[in-house]
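All remarks here apply to the structure that follows.
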Amino acid sequence: MDYQLTFRKIFYSQYLFTGVRITAAAIIPALILYHYDVLGLMTAIPLGALVVGSTDSPGPFAHRRNTILASICINFLVVVLTISLNHNPVLLTIFIVLFGMFFSLIGVYGNRASSVGLIALFVFIFNIDSKASFGSPWFNGLLFTAGGMCYFIMSLVLYRLRPYRYIQLQLGESLRSIADYTDSISGLFKPEQNKDYLFTKLRQQQITIQQEQDSLREMLLNTREMIIDSTVKGRILMMMFLDSVDLFEQLISLQQNYDDMNEVFGDTELMTTIAATLQNFKDELNMLGYAIQFNHQSVSKTDIKETIDKLFSITLEERKKSLTKKTLPSFIKLRQINFTLEDIDERIKRLHYFSGYDTITARLYKNYPGAELKATQTEISPALFISSFSLQSSHFRHALRVTIALLIGYAVSFFFPLGHGYWILLTIVTILKPAYSISRTRNKQRLLGTVTGVIIGFAFLYFVKNSTLAFLLMLCTMIVAYSLLKLNYYISCVCITIYVLISFHFLNQSNFSVVITDRLIDTAIGCAIAFIISLTVFPLWEYEQTKELIEAFVEANKKYFNTAVSLLSSPAGFESRYTSVRKEAFVTLANLSDNFQRILSEKRKQAQFAFYHQFVSSGYMLTAHIASLTSFLKRAAGNFNAKDIDPLIYNVNEKFKQVEAALKGENLKISSSKRNTPIANKVSLLFQQRQQEIESGKAEAQTEARVNLRELKSITDEFEIIDSIVADQVKIVQKIMQ
């Protein structure tokens with residue numbers, strides 16, 4: 001692992017910004033209270049800021065604002081109710097059931113609602129222990145509200161000062177993720193690389209990129225309605241995002257039969273030069289990402305044009321030496337790769353130019369209709385909540401698991417009094433997730449992180465008696481904990497444990513050893529309960545969702561394919577139609593890949609496991625080749641009659657129908673394929689003419705056959721590959737459905 005690069009990614013990312021913001025919102029009021037010697041009585045204020053800050057995820061400010069305010073109000077009610085009845089075990093048990101079900105089920109409204117529910121459960125658990133609260137329920141409720149308002153005011157001020165900050169941080173993060181994807185693509189052009197490993201890595205990276213682009217879409221959609229269209233910076237950020245999406249599609253379209261390419265060109269400079277060009281792209285994208293995040297003008301550090309020119313020169317030399325009838329198809333593919341790399345180079349140059357936020361640049365902005373920015377919104381509907389009360393609902397099953405685990409944890413802490421028994425419940429709520437695979441991973445990370453944190457924290461406080469150093473360590477671990485909460489849960493748990501131990505050390509030094517013991521025991525008990533419940537109570541296995549995800553993928557890619565080929569027959573409004581279906585195809589592929597990765601983490605033997613793997617791999621190939629086909633059609637539009645390719649479109653759509661039928665358990669018989677198409681005949685004739693030209697010494701002449709063949713052969717090849725992939729998917733789905 002490149003630790004220096006990893007550190008830079010964290011330091012230059014939105015995650016550190018989040019960690020610093022949450023820590024500051026909690027520490028500033030805590031220091032003020034400590035100065036006036038009332039921190040022990042008013043711990044709920046910094047705690048309220050801390051928990052409310054945890055609900056503030058990147059996105060449109062309106063959504064963030066509503067989430068924070070909803071969390072503050074809900075937390076107030078939860079505190080008042082909990083402290084009012086925390087002396088009555090029977091009523092507490094009833095509210096564990098009510099809160100456990102309700103706050104887990106509101107996850108049906110999306111991730112923001114889920115985070116509000118999770119924090120509400122945390123606040124409920126904090127106040128279950130009567131020793132942890134002082135004064136009346138209303139007083140404590142107001143303290144939590146005051147803490148939440150401290151965070152809200154800080155968030156509001158930061159947004160007003162720098163309204164584009166979140167967008168810049170997320171856009172920079174996305175470009176650096178695309179840089180990692182580019183690095184992996186470059187490996188495919190090296191003959192000695194492990195292709196299976198690289199394809200797996202590419203799928204994982206695509207998941208990350210898709211999630212980041214979805215977050216950007218949501219932010220841009222909301223911000224665009226308010227200020228983007230009227231400001232230079234807003235317009236340029238919009239253009240940069242759209243260019244980054246197109247650039248990512250072009251990278252995906254580099255999908256080729258790499259074994260064939262290496263067989264023909266493996267001993268030449270061509271493949272290494274292509275890999276070197278992609279490495280240069282990676283470096284440029286990384287620099288762009290960092291520059292955007294720090295609001296600097298990005299300047300190219302490498303002469304990519306020189307690399308591109310070198311590649312074209314080497315290609316020309318290799319053509320003179322190796323172009324034959326046999327190698328002609330490979331040279332046609334190579335030519336298309338060169339064109340794609342040239343297009344990527346132009347995109348990167350545009351992004352460098354845009355990063356200066358020049359007023360003149362903003363004139364390039366068009367009143368984009370927003371198809372690329374359409375984000376799926378979950379309606380806050382009571383009917384949706386009520387309909388979730390079914391064992392068929394994954395949210396309902398998750399709510400049952402959380403509630404049962406909380407009841408068991410409360411019973412253990414009640415009948416076997418431990419110093420901080422509510423830590424058992426906190427551990428349960430933190431670990432239990434809707435999917436078993438995630439719960440299992442979190443369980444292990446939580447337990448190991450707690451043990452590691454206890455060892456480090458105890459060693460520090462045992463050997464270091466300086467309170468200033470202890471405070472600085474607490475401050476650093478808080479920042480790291482909330483910066484890495486979504487990146488590395490293990491390290492986050494280590495840091496949370498350290499700063500909790502140090503905070504208890506400041507508040508009550510005499511019972512420090514007891515706190516350490518309680519932390520270890522309570523965490524171990526909570527982990528054990530969470531693991532048993534996640535495994536035995538209505539577990540949600542990832543393979544149960546695979547069929548639904550495959551159906552969504554097939555439907556999205558069918559639309560993606562048909563929209564791409566509609567460029568020839570209906571060019572008007574193509575971009576508006578295309579960007580939305582492209583986004584949906586990429587999203588469904590990312591969801592399917594993510595599902596498969598979680599199936600792997602469950603480590604359960606499934607009869608269809610190998611077929612799932614085959615379908616995900618073929619899905620990646622299908623999306624990539626549709627992207628390639630789109631690129632070729634854009635270049636060749638107008639050079640041939642659109643009706644010539646209708647039979648090719650028909651063949652592919654018939655295969656899609658077969659896949660859909662197979663998913664329903666049906667065996668659809670289709671009419672015979674129309675492979676003898678006019679365009680196939682034309683390509684065959686052009687191919688023969690070109691072979692004759694090569695044999696007669698006219699290999700370098702810019703003949704009509706050469707120009708037309710380069711375009712049409714690439715298009716028909718892509719149709720054949722897509723047809724073959726979808727045909728394979730029919731067989732794979734039939735095996736999955738057996």
Side-chain angles (χ1 to χ4, degrees), residues 74 77-78 81-82 85 89-126 128 378 380-415 421-444 446 522-523 525-549 595 598-599 601-602 604:
I74 291 172
L77 294 174
V78 169
L81 284 171
T82 308
L85 52 84
V90 175
L91 288 176
L92 264 182
T93 302
I94 292 172
F95 272 86
I96 285 175
V97 174
L98 294 176
F99 284 168
M101 290 297 297
F102 177 77
F103 289 127
S104 299
L105 262 178
I106 63 174
V108 298
Y109 296 121
N111 291 331
R112 292 184 184 278
S114 180
S115 67
V116 171
L118 180 62
I119 291 304
L121 284 176
F122 280 171
V123 172
F124 172 59
I125 293 167
F126 287 147
I128 280 179
T378 303
I380 305 297
S381 162
L384 177 62
F385 184 81
I386 294 170
S387 66
S388 298
F389 282 84
S390 166
L391 286 177
Q392 302 301 316
S393 167
S394 60
H395 293 283
F396 182 72
R397 290 157 68 178
H398 171 61
L400 283 176
R401 286 193 295 273
V402 170
T403 304
I404 293 170
L406 286 175
L407 288 172
I408 295 172
Y410 179 66
V412 170
S413 65
F414 183 79
F415 291 109
Y422 64 92
W423 277 348
I424 297 174
L425 305 183
L426 285 176
T427 301
I428 290 170
V429 170
T430 303
I431 288 174
L432 276 179
K433 298 298 174 185
Y436 166 75
S437 60
I438 302 175
S439 297
R440 176 179 176 274
T441 303
R442 285 227 162 183
N443 201 313
K444 181 171 64 175
R446 174 82 176 193
D522 294 341
T523 299
I525 293 172
C527 286
I529 293 171
F531 176 75
I532 294 170
I533 294 300
S534 65
L535 186 63
T536 59
V537 179
F538 306 114
L540 177 64
W541 304 110
E542 290 298 331
Y543 76 88
E544 296 175 1
Q545 306 176 65
T546 303
K547 180 185 174 184
E548 182 180 340
L549 291 171
N595 171 258
R598 291 199 294 267
I599 290 176
S601 67
E602 287 178 348
R604 298 179 76 245

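In this text, all values refer to a predicted model and were calculated from it rather than measured experimentally.
The nearest pair of heavy atoms linking A113 to Y109 is CB-CB, 3.7 Å. The shortest non-hydrogen separation linking T427 to D522 is OG1-O, 4.3 Å. The two residues P89 and Y410 come nearest to each other via the heavy atoms CA-OH, 3.5 Å. Contact between I424 and S413 at its shortest, heavy atoms only, is CD1-CB, 4.3 Å. Residue I431 comes nearest to C527 through the heavy atom pair CD1-SG, 3.5 Å, listed as atom of the first residue, atom of the second, then distance.
Separation of atoms CG (L91) and OG1 (T82) is listed at 11.5 Å; rounding is to 0.5 Å. Note that CG of L121 is 8.5 Å distant from OG1 of T403, once rounded to the nearest 0.5 Å. Put simply, CD1 on I106 and CG on L118 are 9.5 Å apart, with the number rounded to the nearest 0.5 Å. Here S114 contributes atom OG and L105 contributes atom CG; the two are 10.5 Å apart, rounded to the nearest 0.5 Å. Atom CG of residue L432 and atom CD1 of residue I533 lie 8.0 Å apart, to the nearest 0.5 angstrom. Taken from CD1 in I428 to CD1 in I529, the straight-line distance is 4.0 Å, to the nearest 0.5 Å.
For the pair S104 (side chain) and M101 (backbone), a donor-acceptor distance under 3.5 Å is absent.
Taking the six-membered ring where the residue is Trp, F99 and F95 present perpendicular rings, their angle passing 60° and hence far from 30°.
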Practice problem: Carefully, step by step, assess F124 and L81 under the rule side-chain contact (heavy atoms from CB on, under 4.5 Å). | Solution: CA-CA 9 Å; F124 172 59; L81 284 171; over 6 Å; no

Exercise. Using the side-chain contact (heavy atoms from CB on, under 4.5 Å) rule, take F396 and V108 through it: C-alpha gap first, then chi angles, then the decisive distance, then the call.
Key: CA-CA 9 Å; F396 182 72; V108 298; over 6 Å; no

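Contact of the I119 side chain with the F103 side chain is not registered, since no non-hydrogen atoms from C-beta on lie closer than 4.5 Å.
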